[in-house]
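Remarks on the structure that follows.
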Amino acid sequence: MGFIKRENKKFDYKPRYYKGEGNPYEIKQKFDQYRTTIGKKKNLKGKFNAALDDLKESGYRFNKTIVIIALILTLVFLFIIDFDLSIFFPKK
């Protein structure tokens, strides 16, 4: 009983009607071809530098809507905690 070593059964499935190139079961992400931070194994500094290069290349733009919403929420928060805004204005 314990002397016979069992081997795993192998299952080699080949699709019947697939005539394309490559492996039909290979899983790829949708945008991998556009990303520069994946692929080669890089250390943390290499990934950080690649991300900075991408940021410089694409240009930095901020979303005005998010900035306006953040300002409104900040003012609402300051109103709720009764923060005195007069410290920011000069006294006459």
Residues which pass side-chain contact (heavy atoms from CB on, under 4.5 Å) with Ile68, listed by chain and number, not counting sequence neighbours: Ile72
Would Leu75 and Leu73 show up in the same hydrophobic cluster when neighbours are defined by side-chain heavy atoms closer than 4.5 Å? no
For Phe48, I'd like to know if atom CZ has over 12 heavy atoms of other residues, nucleotides or ligands within 6.0 Å. no
Per the side-chain hydrogen bond (donor to acceptor under 3.5 Å, both in side chains) rule, what does the pair list look like for residues 66-84, sequence neighbours excluded? Asp84-Ser86
With sequence neighbours left out, write down each residue that passes side-chain contact (heavy atoms from CB on, under 4.5 Å) with Lys45, or none if nothing qualifies. Asn43, Asn49
Starting at CD1 of Ile66, measure out to CG of Leu71 and round the result to the nearest 0.5 Å. 12.0 Å
